[in-house]
Amino acid sequence: MSIIQATIRETKTKGQVKALRIQGDVPGIIYGGEASNEKVSLSSKEVKKLINEENFLSNVITLSLDGKEQKVLPRNISFDTVTD
């Protein structure tokens with residue numbers, strides 16, 4: 001099982017999300033369960049490492065979010081059509 005450091009993000013516009021990607025982070029959303037949806041950002045280096053492993057979409061990943069660990073299951077990945 002993998003543990004990834006995540007931070008809560010307060011982005012509201014496409015420009016803010018684009019700036020987040022330029023900094024080297026990947027935006028994401030945690031949804032489902034009892035808690036409300038949370039917008040998070042992850043390190044692109046750690047995410048790329050996990051994507052290159054087998055069965056990425058079927059592995060449970062542990063996110064360390066503000067000192068609490070939360071288990072998540074990746075559901076969807078979107079890539080840029082030109083640069084991947």
Side-chain angles (χ1 to χ4, degrees):
M1 188 169 10
S2 303
I3 297 177
I4 297 180
Q5 187 68 29
T7 57
I8 295 177
R9 62 183 170 96
E10 298 297 327
T11 56
K12 296 185 192 301
T13 64
K14 285 193 244 181
Q16 291 173 334
V17 173
K18 184 176 180 179
L20 185 74
R21 288 187 184 112
I22 290 172
Q23 292 174 359
D25 290 336
V26 176
I29 299 176
I30 299 174
Y31 61 90
E34 298 171 0
S36 62
N37 297 348
E38 293 182 285
K39 296 178 183 179
V40 297
S41 64
L42 312 163
S43 168
S44 63
K45 184 177 179 180
E46 293 178 1
V47 172
K48 285 180 184 179
K49 184 176 77 172
L50 287 175
I51 289 174
N52 291 332
E53 293 179 4
E54 279 188 40
N55 303 326
F56 173 70
L57 292 175
S58 62
N59 287 337
V60 176
I61 299 171
T62 303
L63 292 181
S64 176
L65 186 62
D66 291 339
K68 297 181 286 185
E69 291 189 353
Q70 185 172 3
K71 293 183 180 183
V72 297
L73 183 64
R75 300 310 260 161
N76 188 12
I77 304 170
S78 299
F79 292 100
D80 186 282
T81 55
V82 176
T83 62
D84 276 343

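Here the structure is a predicted model, which means the values were calculated and not measured.
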**Report entry** Side chain R21, main chain S44, donor-acceptor under 3.5 Å
**Finding:** no
Query raised in the report: In the single-linkage hydrophobic clustering (I, L, V, M, F, W, Y; side-chain heavy atoms under 4.5 Å), do F79 and V17 co-cluster?
Result: no
Report task. Measure the CG-CZ distance between L50 and F56 for me, rounded to the nearest 0.5 Å. Result -> 6.0 Å
Query raised in the report: So, does K71 use its side chain to make a donor-acceptor pair with the main chain of V60 at under 3.5 Å?
Result: no
Query raised in the report: Where is the tightest heavy-atom contact between L73 and N59, given as atom of each residue plus distance?
Result: CD1-O, 3.5 Å
Query raised in the report: Should I22 and V40 be regarded as members of a common hydrophobic cluster, given that ILVMFWY residues are connected when their side-chain heavy atoms come within less than 4.5 Å of each other, either directly or indirectly?
Result: no
Query raised in the report: Could you give the distance from CD (Q70) to CD1 (I4), rounded to the nearest 0.5 Å?
Result: 13.0 Å
**Report entry** Shared hydrophobic cluster, I61 / I8 (ILVMFWY, side-chain heavy atoms < 4.5 Å)
**Finding:** yes
Requested in this report: Quick one: closest heavy-atom pair of R75 and L57, and the distance?
Outcome: C-CD2, 4.2 Å
Report summary line: For I29, the hydrophobic cluster (side chain heavy atoms closer than 4.5 Å, chained through members) also holds Y31
Report task. Determine, step by step, whether I77 and V47 satisfy the side chain to side chain contact (heavy atoms under 4.5 Å, CB included) criterion, reporting the C-alpha distance in whole Å, the side-chain angles of both residues, the deciding distance to 0.1 Å, and the verdict. Result -> CA-CA 11 Å; I77 304 170; V47 172; over 6 Å; no
Report task. Of all the heavy-atom pairs spanning S64 and I3, show the shortest one and how long it is. Result -> CB-CG2, 4.4 Å
Query raised in the report: Can L65 and K68 be said to form a side chain to side chain contact (heavy atoms under 4.5 Å, CB included), step by step?
Result: CA-CA 5 Å; L65 186 62; K68 297 181 286 185; 5.7 Å; no
Query - Heavy-atom pair with the smallest gap, counting every atom of E10 and Q16 - result: O-OE1, 4.2 Å
Query raised in the report: Just how far is it from atom CD of Q5 to atom CG of D66, taken to the nearest 0.5 Å?
Result: 8.5 Å
Query - Separation between CD1 of I30 and CG of N37, rounded to the nearest 0.5 Å - result: 9.5 Å
